[in-house]
2 protein chains.
Amino acid sequence: MATSNTGVRTLLGSHRLPNPVPAGEYARCPATDVLRRVSDKWTLLLITLLGQRPYRFNELHRAVDGISQRMLTRTLRTLKSDGLVEREVFPTLPPSVEYRLTPLGVSLLEPLSALAGWAVDHHAEIEAARQRRT
Amino acid sequence: MATSNTGVRTLLGSHRLPNPVPAGEYARCPATDVLRRVSDKWTLLLITLLGQRPYRFNELHRAVDGISQRMLTRTLRTLKSDGLVEREVFPTLPPSVEYRLTPLGVSLLEPLSALAGWAVDHHAEIEAARQRRT
DNA sequence: CTGTATCCAACATGATACTG
DNA sequence: CAGTATCATGTTGGATACAG
């Protein structure tokens, strides 16, 4: 019971899938939900940066070459509303805002790094497969 | 040297990020590449199913409620060209085609399951954070 | 400094019809 | 059975200008 069955709703979380996988359930599958959230263009990089230390808005803007102001704001807002990042405003003049990982965000770092590690270890094989066209 | 520095190109694979993160490098970051590939709408589910046993095309179509023929084909083709899935044609009449995970695909299963497990364990917290609006 | 508002192009996905 | 072709739609992300 270390890993108890949390029910069919978890789908990809368990190793026992119903067959067929119900469309309505899959749409709310936690694993898919989290994976899709975390894999938009800038999220992984921002989480990784914030995993090192807190950053201010423009500091992130400078650190992440190529990100638009719009996407930086949008991505941070999403991370905050998901509870992975917290935002603290210092009422200085001009204002400064600091972003940091929440404990939930920190806990995500480990499985995310594991996947990143797999990617690094096996990217050459994937590249090779892609070369083999078709 | 168990985990040697594979260079700045790996970016998210190491825990030492350059600052600023170069735009051109990030675009080819293995971790981001893999994450984005694996997180499209059906890939995670298909990999999980194929992690249990080989499937035939229409068998997958029946197993995955809601997927269109077009997306099933497209997703399997992408998985194949990335070397995660292999496709075997049996020249019967009518033809039958079997899909199975390659060893590379199998090796992906572990870190992917770990992330899925995190999602299951923490999805309630994410949901709660979302309820708190803003 | 830390954003918001608008507009737009590219891409992902779905619906439907057709094929060897 | 195992696809391909075409068209329609929604979503993502970027450029630019403006604001407290």
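Below, chain A is the first sequence line, B the second, and so on; all start at residue 1.
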Would a single hydrophobic cluster contain both F57(B) and F90(B), if residues Ile, Leu, Val, Met, Phe, Trp and Tyr are joined by side-chain heavy-atom contacts under 4.5 Å?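 F90(B) does not cluster with F57(B).
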5'-most by nearest nucleotide on DNA chain C - I67(B) or E98(A):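 So the residue in question is E98(A).
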With DNA chain C as reference, determine whether M71(B) or E59(A) sits nearer its 5' end, using the nearest nucleotide of each.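 It is E59(A) whose nearest nucleotide is closer to the 5' end.
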Between R130(A) and E125(A), does any side-chain N to carboxylate O distance fall below 4.0 Å?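 Salt bridge absent between R130(A) and E125(A).
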In whole Å, I'd like the distance from the [atom1] atom of [X] to the [atom2] atom of [N].
{"X": "L93(B)", "N": "dA2(D)", "atom1": "CG", "atom2": "C1'", "value": "12 Å"}
{"X": "H61(A)", "N": "dG3(C)", "atom1": "NE2", "atom2": "P", "value": "12 Å"}
{"X": "L72(A)", "N": "dA5(C)", "atom1": "CG", "atom2": "C1'", "value": "17 Å"}
{"X": "Y26(B)", "N": "dG14(D)", "atom1": "OH", "atom2": "C1'", "value": "15 Å"}
{"X": "D40(B)", "N": "dG10(D)", "atom1": "CG", "atom2": "C1'", "value": "16 Å"}
{"X": "N58(B)", "N": "dG3(D)", "atom1": "CG", "atom2": "C1'", "value": "9 Å"}
{"X": "D65(B)", "N": "dG14(C)", "atom1": "CG", "atom2": "P", "value": "12 Å"}
{"X": "L44(A)", "N": "dT12(D)", "atom1": "CG", "atom2": "P", "value": "17 Å"}

Identify whether any heavy atom of T73(A) sits under 4.0 Å from a base atom; if not, whether one sits that close to sugar-phosphate; answer base, sugar-phosphate or nothing.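 Contact class for T73(A): base.
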Regarding R74(A), tell me which of base, sugar-phosphate or nothing describes its non-hydrogen contacts under 4.0 Å with the strands shown.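 No contact.
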[N] phosphate, OP1 or OP2, under 4.0 Å from [X] side-chain N/O:
{"X": "R70(A)", "N": "dT12(D)", "answer": "no"}
{"X": "R36(A)", "N": "dT13(C)", "answer": "yes"}
{"X": "R56(A)", "N": "dT2(C)", "answer": "yes"}
{"X": "Y99(A)", "N": "dG3(C)", "answer": "yes"}
{"X": "R77(A)", "N": "dT2(C)", "answer": "no"}

Roughly how far, to the nearest 0.5 Å, is the [atom2] atom of [Y] from the [atom1] atom of [X]?
{"X": "S107(A)", "Y": "D121(B)", "atom1": "OG", "atom2": "CG", "value": "9.0 Å"}
{"X": "L101(B)", "Y": "I47(B)", "atom1": "CG", "atom2": "CD1", "value": "6.5 Å"}
{"X": "E127(A)", "Y": "D33(B)", "atom1": "CD", "atom2": "CG", "value": "7.0 Å"}

With nearest nucleotide decided by heavy atoms, which residue, K41(A) or P95(A), maps closer to the 5′ end of DNA chain D?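 Looking at DNA chain D, the more 5' nearest nucleotide goes with K41(A).
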Tell me which nucleotide among dC1(C), dG14(D), dA2(D) gets nearest to the side chain of Q69(B).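 My answer, after comparing the listed nucleotides, is dA2(D).
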